[in-house]
Amino acid sequence: MDADWVLATLNDVMDALEDGLSELEANPEAIDELLPQVLPAIYAKLNYAWNSRELGPQAIEQLDHDALIAFPKDLPF
């Protein structure tokens, strides 16, 4: 497992979460409309971080996009 890759993808998740939170905080009256737009992108990035952890950057060439962002089948929940 490539620790640098995992950290880079998790930092991307953190950036998306911070951006999403800022957007929601700036528009709390629109949270019902914004939340369904913000959360899927964050989940996709989390899933990508997990699903690409073994292959690293090569995962984008070796795995289907839907498989990269899908909820991990190997997590215990």
Side-chain angles (χ1 to χ4, degrees):
M1 191 175 314
D2 183 341
D4 289 335
W5 175 258
V6 172
L7 292 172
T9 57
L10 289 176
N11 274 300
D12 190 35
V13 173
M14 185 172 58
D15 291 343
L17 183 58
E18 288 173 347
D19 292 346
L21 185 56
S22 293
E23 188 174 355
L24 294 170
E25 288 176 333
N27 301 297
E29 69 284 347
I31 201 161
D32 285 340
E33 180 183 322
L34 293 174
L35 200 60
Q37 296 171 19
V38 170
L39 283 184
I42 295 166
Y43 278 112
K45 289 178 181 286
L46 275 171
N47 295 341
Y48 179 79
W50 180 264
N51 292 330
S52 68
R53 73 193 186 286
E54 295 292 334
L55 295 173
Q58 294 79 21
I60 207 160
E61 297 168 1
Q62 296 181 20
L63 298 175
D64 177 70
H65 174 74
D66 290 340
L68 278 170
I69 64 167
F71 187 82
K73 295 178 182 176
D74 55 346
L75 285 179
F77 30 77

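Hydrophobic clustering of Ile, Leu, Val, Met, Phe, Trp and Tyr side chains at less than 4.5 Å, counting indirect connections, unites Leu39 with Leu17. No path of Ile, Leu, Val, Met, Phe, Trp and Tyr side chains, each step under 4.5 Å between heavy atoms, connects Tyr43 with Leu63, placing them in separate hydrophobic clusters. In the hydrophobic clustering of ILVMFWY residues, with side-chain heavy atoms under 4.5 Å counting as a link, Tyr48 and Leu55 come out together.
Closest heavy-atom contact between Val38 and Gly20: CG1-CA, 3.5 Å. Taking every heavy atom of both residues into account, Trp5 and Ser52 meet most closely at NE1-OG, 2.8 Å. Nearest heavy-atom pair across Ala70 and Asn47 is O-CB, 3.3 Å. Pairing each heavy atom of Asp32 with each of Pro36, the nearest pair is O-CD, 3.1 Å. Scanning both residues, Leu24 and Leu34, for their nearest heavy atoms gives CD2-CB, 3.6 Å.
Interatomic distance, CG of Leu46 versus CD1 of Ile69, reported as 12.0 Å (0.5 Å rounding). Taken from NE2 in His65 to CD1 in Ile60, the straight-line distance is 8.5 Å, to the nearest 0.5 Å. The distance from the CD atom of Gln37 to the CD1 atom of Ile42 is 12.0 Å, given to the nearest 0.5 Å. Here the straight-line distance linking atom CE of Met14 with atom NZ of Lys45 works out to 12.5 Å at 0.5 Å rounding. Here CH2 of Trp50 is found 14.5 Å from CG of Leu68. Values are rounded to the nearest 0.5 Å. Atom CD of Glu54 sits about 12.0 Å away from atom CD of Gln58, to the nearest 0.5 Å.
Salt bridge status for Asp74 with Arg53: present, with a side-chain N to carboxylate O gap under 4.0 Å.
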